[in-house]
Amino acid sequence: MDSAAVLRWYDRYARDLAWRTGPAERARGDAPDPYRVWLSEVMLQQTTVATVGRYFARFTSLWPTVFDLAAAPLDAVLVEWAGLGYYARARNLHACAVAVVEHHDGVFPKTSNALQALPGIGAYTSAAIAAICHDEPIAVLDGNLDRVLARYYRLDVPVREAKETLRAALQTVIPARAGDFAQAMMDIGATICTPRKALCTSCPLRSGCLARTTENPTLFPIKAQKTERPTRYGHAFVMFDGDGDIFLETRPDKGLLAKMTQTPTSEWTARPSDPRFPCPGYWQPHGRIVHVFTHFRLELEVWSIKLVDAAALEHGWWADPRAFGREALPTLFRKVLAQSGLA
DNA sequence: AAGGCGGGGTT
DNA sequence: AACCCAGCCTT
C-alpha cells in the first residue's frame, strides 16, 4: 500500500476539524492536545462528525482541561451529553478524567497500551490517541478503515471475522507520520471511499486496490446478516402542577439510558397493553411517539395530567420546562415532552 | 463470539 | 426506510 501517496493526498485534502492539528500545523511544530484528541475520539465513537461538532465546542468551553472535567459532577457531564447517545460513554468519560488526574497527575498516558487500560478507551481509541499525539506506529482501525481495507483487499468475509487480519496488514504499511497517516485513511473513508459511493479516480489508494477492478467496489465489505428489530410498546406519563412544572425522575443505574432523566413510564413490552396510571385522575391522551434504538423500536402512548396535590410523589423532582436545558433528558423523553404539548 | 447500547445524517 | 457512523463493554 502506497502510504506516501496517502500522506501527499492528506497534505492537500485533509478535513479541517475543530479538534484536529492539521498537516500544516504539524509541520510547523504544533502538538495536538491529548485531552482534546481524547474527548473528540470518545464523542466520535459511532457518531458522525457533524453531530459531534457542537458537543465538542460546548465541552471544551465548559471544561478546557482534564482537571476541569474531572472536577465536574457526573450529573453535569450527563446533562451536557444528553442527546448524543450511548450514555455509557459519558460515564466512562468522567471516570477516565478522574483516573487521569488521580493516577497520572493529569497527563494522559503516551502509549496505546497504557491508554487502553482507562475506562471507555478501547482498541480503536487508544491507537488513535497514541498515533495522533505521539506518532506511535500502530494500526488505527475504525469503521472507515474497515470499509477502505475491505475494498482494498477485496475481503470476502464480513469484517468482524477478519478484523485481526486487517489490523496486521495495516500495521505493515504505517509510515513515520503515523498520526497523519491514521487521520488520512479515515478522511479517505469519509470523503472518497464512502459506504454508497467510491470515487476511485480521486483515491490515492487506487493503484493497489482490488475492489477497484471489480464491477462495483461498494459491494465490499460483505455485510453480515442483519437481525430484525423488534417493536416494544409502553406508556409515558407527563404530570404537571399548577405552576406548569413537570415531574421528572432518574432512570436506574444500569441498562438502557442508565442514570439519565425521564418522565415516569410503564414497562416496555412485546405487546401493547392498557395503561396503568401512576395515580388516579383525568389523564389526557396525546397520541403516540415512535423512537428507534439500536436493537429495538419503541412506541409510547403519551399521557398527561394536572395534579393538584403533588406531595405524594416520591424519588423525583419538579422542573420548569424552560430550564430543561439543565436536565439530562435523552432524546426519547424530549420527544415525549414535546408530544404532550407541555414542554 | 455475540449482543446491548442512542441518535441523527445521508441516500 | 435502510444504512451506518473516528466503538466499548459485558456475557
Side-chain angles (χ1 to χ4, degrees), chain A residues 14-15 17-20 32 36-56 78 81-93 95-96 115-132 139-150 157-164 167 179 181-191 193-197 218-219 221 223-230 232 251-252 254-260 262 289-298 328-335:
Chain A
R15 286 180 292 174
L17 304 173
W19 47 86
R20 170 176 288 178
R36 293 167 62 90
V37 172
W38 161 72
L39 177 60
S40 68
E41 292 299 346
V42 174
M43 287 183 168
L44 287 161
Q45 289 165 7
Q46 295 289 282
T47 308
T48 56
V49 165
T51 301
V52 164
R54 57 185 186 279
Y55 285 87
F56 181 80
L78 292 178
W81 199 275
L84 197 53
Y86 284 144
Y87 297 98
R89 291 187 295 171
R91 301 190 296 273
N92 285 331
L93 185 85
C96 183
L115 284 163
Q116 200 167 340
L118 292 165
I121 300 184
Y124 162 75
T125 305
S126 59
I129 296 172
I132 292 170
V140 179
L141 215 48
D142 75 328
N144 285 305
L145 273 286
D146 288 348
R147 181 175 58 257
V148 172
L149 296 178
V157 296
V159 168
R160 197 156 184 164
E161 297 175 25
K163 192 93 175 179
E164 293 315 311
R167 193 185 310 284
F181 177 70
Q183 295 175 92
M185 292 294 287
M186 292 190 278
D187 279 15
I188 290 168
T191 64
C193 198
T194 63
R196 299 176 198 247
K197 191 156 39 169
T218 66
L219 293 181
K223 293 168 191 57
Q225 61 184 20
K226 59 179 187 297
T227 63
E228 64 182 282
R229 187 152 32 205
R232 295 184 193 168
R251 289 180 58 81
K254 299 192 172 184
L256 188 73
L257 306 175
K259 297 185 184 179
M260 300 298 286
Q262 67 170 8
I289 64 146
V290 176
H291 191 75
V292 179
F293 292 104
T294 306
H295 53 298
F296 68 96
R297 181 174 169 279
L298 179 63
L329 283 164
T331 298
L332 168 64
F333 291 101
R334 293 192 188 276
K335 282 187 190 175

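All chains are named by letter (A, B, ...) in the order of the sequence lines, taking the proteins before the strands, and each is independently numbered beginning at 1. Computed over heavy atoms, backbone and side chain alike; hydrogens, waters and symmetry mates excluded.
Atom P of dG8(B) sits at a distance of 24 Å from the matching atom of dC9(C), rounded to the whole Å. If you take atom P in dC8(C) and the same atom in dG9(B), they sit 23 Å apart, rounded to whole Å. A distance of about 23 Å separates the P atoms of dC5(B) and dA6(C), rounded to the whole Å.
A donor-acceptor pair shorter than 3.5 Å cannot be found between the side chains of Q45(A) and R89(A).
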Exercise. Any chance you could lay out the side chain to side chain contact (heavy atoms under 4.5 Å, CB included) test for W38(A) and I121(A), step after step, and finish with the verdict?
Key: CA-CA 9 Å; W38(A) 161 72; I121(A) 300 184; 3.7 Å; yes
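The residue W81(A) sits apart from the nucleic acid: no heavy atom pair falls under 4.0 Å. Using a 4.0 Å heavy-atom cutoff across all strands shown, A123(A) reaches sugar-phosphate atoms only and no base atom. Residue R15(A) is in base contact, counting any heavy-atom pair closer than 4.0 Å across all strands shown. Counting non-hydrogen atoms under 4.0 angstrom, S40(A) reaches nothing in the nucleic acid. Nucleic acid contact for R147(A): sugar-phosphate only, since backbone atoms but no base atoms lie under 4.0 Å from a heavy atom of the residue. Within the 4.0 angstrom heavy-atom criterion, base atoms lie near L17(A).
When rounded to the nearest whole Å, the span between CG of L44(A) and P of dG7(C) equals 8 Å. To the nearest angstrom, C1' of dG7(C) lies 11 Å from CD of Q116(A). The separation between I121(A) atom CD1 and dC8(C) atom C1' is 11 Å, rounded to whole Å. Rounded to an integer number of Å, the gap from I188(A) CD1 to dA6(C) P is 14 Å. As rounded to whole Å, 11 Å separates atom P of dT10(C) from atom CZ of R91(A). K254(A) places its NZ atom 10 Å from the C1' atom of dT10(C), with the value rounded to the nearest Å. Rounded to whole Å, atom C1' of dC9(C) lies 16 Å from atom CG of L93(A). As a whole-Å value, the separation of Q225(A) CD from dA1(B) C1' is 14 Å.
For L118(A) against C96(A), the heavy-atom pair with the smallest separation is CB-SG, 3.8 Å. Across all their heavy atoms, V49(A) and L17(A) have their closest contact at CG1-CD2, 3.8 Å. Residue L141(A) comes nearest to K163(A) through the heavy atom pair CD2-O, 3.8 Å, listed as atom of the first residue, atom of the second, then distance.
Residue-to-nucleotide proximity on DNA chain C shows that, of A190(A) and N92(A), the 5′-proximal contact is made by A190(A).
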Self-check item: Protein-to-nucleotide contact annotation, 5' to 3' order, nucleotides 4-11 of chain B [B base; S sugar-phosphate only; - none; under 4.0 Å, heavy atom]
Solution: SBBBS--S
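Ion pairing between D146(A) and R160(A) fails under the 4.0 Å rule for side-chain N and carboxylate O.
F293(A) and H291(A) have their aromatic ring centers within a separation under 6.0 angstrom.
For the atom pair CD (Q262(A)) and CG (L256(A)), the distance works out to 10.0 Å, reported to the nearest 0.5 Å.
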